[in-house]
Amino acid sequence: MAEGPIISFDKVNKWFGDFHVLRDIDLNVTKGERIVICGPSGSGKSTLIRCINRLEAHQRGSIIVDGIELNDDLKNIDSIRSEVGMVFQSFNLFPHMTVKDNLVIGQHLVRRVPKRDAEDIAITYLKRVKILDQIDKYPGQLSGGQQQRVAIARSLCMKPKIMLFDEVTSALDPEMVKEVLDVMIDLAKEGMTMLVVTHEMGFAREVADRVMFMDEGQIIEENKPDNFFDRPQSDRAKLFLSQILHQ
Amino acid sequence: MEPSNIPFKQPQPAPHQTTGILGWIKINFFSSWFNSLITIVLAYTIFVLADFFIQWAFINAVWFGESAKACPNSNGACWAFVTDRWPLFVYGLYPKELYWRVNIVYVLAAITIISFLYSYGRWTRYFRITMVIFFPLLAYIFLLGDSFDLEYVAPENFGGLLLTLVIASISILGSIPLGIILALGRTSELTVISKVCTYFIEFWRGVPHIVVIVMFVALLPIFIPDGSKIDVVVRAFIAFAAFNSAYMAEVFRGGLQSIPIGQFEASRAIGMSYWKMMGYIILPQAIRNSIPAMMNTCIGIFKETTIVMLIGFSDLLGIIQISLESSDWVGPPHIFSSAYTFAAICYFIFTYGMSKYSSRLENRSNIEQY
């Protein structure tokens, strides 16, 4: 591709106190690429994607997102955050606002979209996640799957170039996982750049361009999904896959 | 087929009556012999106390009179004391011919409160905001005067219920915004701001209020030469707002801590600045969670206004005490009990109203969020 990578990590290191969470991470993501990150808990996969919108700050190395280097400059952080959408394991919808207001407030406050237009955009995205009928309810009245779809719509309303998904189906009842994954698959097919931390192998096989396996703060293995799941190279990945398959 | 061989076809005793008034009484008061005993003992006690109070407060009470001589009997309340001194209790030493100004303020206050209790459709919100902004302004203009051709009345002349309400509302309305700012400061990531706020809170919370009040009123002019130019009443108000805001700050800090970290992260991830995140996402939830503790503090503030007596002001309780020592009413101790009963009822009406309003607020926010 003629364009450079939209996200590039160069020798990124991060510590939580004495704990070395990320060790020399090198990573390049091109526009439109879908990457699935998996690995045992505590391996640093969530921390890795949280570094991209600087919910966590790295201590060594450099991270460049869409041509902007992440450093302590607040302006840089704000402009990165407006380009990067993030969906969390625990939904984190604003409980004191209706679904509509959850979607409108970010557009209105951050992107300064007039309220009327913001509402139209909200309706468009709620339709896409198939939840328009819940528009006037409060998050507490929705099921987990519905809340997570609202959270995805909330991020999409901000017109992000990159979407980060941090174990978005882990807190859901099994029968709700599919409705959320379907939304994500649609999004992937539209060409969104996505970094997804998940153990949903069906999802990874269907949409991922690359699967990255992390352990102890390092990217141990990187491969096409079919190759990774069928013929893992490292012993650590073999052990990990055998464990999640036995569940 | 012999019906009696099938055990469940045996006739069973009818279930106890559990509906209707009789059923309700039976379940709640006479469900066992022990509960019945407690019910009877308590009912008798309540009857005796109520009978005594009604005899004392109504049947044997003296309602009108001009001096202690009107109340010779100690078996009845002496409400004559209250009715005789009523204007003093309500208006303090405010000039008699200017009572209408105080009345206007009372009426405006009542309208403001009512506008918060009931909804009148879509204009309610604008009306409430207008009243919140203009009521303090109007109250200031009418009570103090000195503008719009109104005669100046020095705040030293405020007294009784008027003074109690003025101090309480200034303390409460002043300490809430100050408390929010202090709480945000204390939880700030900027070390200097956080430390300054922490020590400010710790200082005002740690010093007895009586000391603060006396310091502000008596000692401030000694330390700050120009301090004496600030009116004594204003200094008292500042003192009240200062230590009460320290309590409020801790209440709001508790509220802030109750908000899950995910709310902060989600706001940040959308790209909100600190102030937008706080103003639209965090504080609305934190303040809701703080309502019970906040109302607790407000009730405390209301009752504590009586310490202005120490610096020579006569709030409701102060003016009752002064009246008890006046030559007309000095005398038998049973007048004391009537006077303090009256004071207790007055304070209770206001604090109970506050507590009822706060539980309404809590219920309303629960309905919204399920």
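Computed from heavy atoms alone, side chains included, the values below leave out hydrogens, waters and symmetry copies. To find a chain, count down the sequence lines: A is the first, B the second, and so on, and within it residues start at 1.
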Participant: Mark yes when over 12 heavy atoms from residues, nucleotides or ligands other than A/Trp15 sit less than 6.0 Å from its CH2; otherwise mark no.
Facilitator: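 Yes, CH2 of A/Trp15 has more than 12 neighbouring heavy atoms, counting only those of other groups under 6.0 Å.
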Participant: For chain B, which candidate among A/Val84, A/Ile77, A/Asp78, A/Leu55 shows the most heavy-atom pairs at distances under 4.5 Å?
Facilitator: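 When all of A/Val84, A/Ile77, A/Asp78, A/Leu55 are compared, A/Leu55 has the most.
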Participant: So what's closer than 4.5 Å to chain B heavy atoms on A/Leu164: side chain, backbone, both or neither?
Facilitator: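 Answer is neither: A/Leu164 stays 4.5 Å or more from chain B.
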Participant: For chain A, which residues from residues 260-271 of chain B have at least one heavy atom closer than 4.5 Å to it?
Facilitator: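 Counting heavy atoms that sit under 4.5 Å from chain A, the residues of residues 260-271 of chain B involved are B/Gly262, B/Gln263, B/Glu265, B/Ala266, B/Ser267, B/Arg268, B/Ala269, B/Ile270, B/Gly271.
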Participant: Highest number of heavy-atom pairs under 4.5 Å with chain B: which of A/Lys137, A/Arg50, A/Gln107, A/Gln89?
Facilitator: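 Going by pairs under 4.5 Å, I would pick A/Arg50.
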Participant: Under 4.5 Å heavy-atom distance to chain B, tell me which part of A/Val87 shows up: side chain, backbone, both or neither.
Facilitator: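 Nothing of A/Val87, per the 4.5 Å heavy-atom cut-off to chain B.
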Participant: Determine whether a donor-acceptor pair (N or O, by modelled atom type, separation under 3.5 Å) exists between the side chain of B/Lys276 and the backbone of A/Leu109.
Facilitator: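 Present.
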Participant: Counting only non-hydrogen atoms closer than 4.5 Å, does A/Arg111 touch chain B with its backbone (N, CA, C, O), its side chain (CB onward), both, or neither?
Facilitator: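 Neither part, no heavy atoms under 4.5 Å.
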Participant: Looking at residues at least two apart in the chain, or sitting in another chain, which of them share a ring-ring contact (aromatic ring centres under 6.0 Å, His included) with B/Phe29?
Facilitator: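 With sequence neighbours excluded, B/Phe29 shows a ring-ring contact (aromatic ring centres under 6.0 Å, His included) to B/Trp24, given in chain and number order.
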Participant: Are more than 12 heavy atoms from other residues, nucleotides or ligands located less than 6.0 Å from atom OH of B/Tyr352?
Facilitator: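 Open.
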Participant: With chain B as the partner chain, list the residues of residues 152-163 of chain A whose heavy atoms fall under 4.5 Å from it, by residue number, and write 'none' if nothing qualifies.
Facilitator: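 Checking residues 152-163 of chain A against chain B gives A/Arg154, A/Met158.
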Participant: Which residues pass the ring-ring contact (aromatic ring centres under 6.0 Å, His included) test with B/Phe350, sequence neighbours left out?
Facilitator: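 ring-ring contact (aromatic ring centres under 6.0 Å, His included) check on B/Phe350 returns B/Phe302.
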Participant: Using a cut-off of 6.0 Å, state whether more than 12 heavy atoms not belonging to B/Arg125 lie near its atom CZ.
Facilitator: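 Open.
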Participant: Which atom pair, heavy atoms only, marks the closest approach of B/Ile281 to A/Met97?
Facilitator: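 Looking at all heavy atoms of both residues, the closest pair is CD1-CE, 3.7 Å.
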Participant: Give a yes or no on this: more than 12 heavy atoms of other residues, nucleotides or ligands lie within 6.0 Å of atom CD of B/Glu189.
Facilitator: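 12 or below, so no.
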Participant: Please check if atom CZ in B/Arg128 has more than 12 non-hydrogen atoms from other residues, nucleotides or ligands closer than 6.0 Å.
Facilitator: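 More than 12 within 6.0 Å, yes.
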Participant: What is the minimum heavy-atom distance between A/His96 and B/Tyr280, and which atoms define it?
Facilitator: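 For A/His96 versus B/Tyr280, the nearest heavy atoms are NE2-O, 2.9 Å.
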Participant: Go through the atoms of A/Phe88 and report whether side chain, backbone, both or neither lie under 4.5 Å from a heavy atom of chain B.
Facilitator: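 Just its side chain gets close to chain B.
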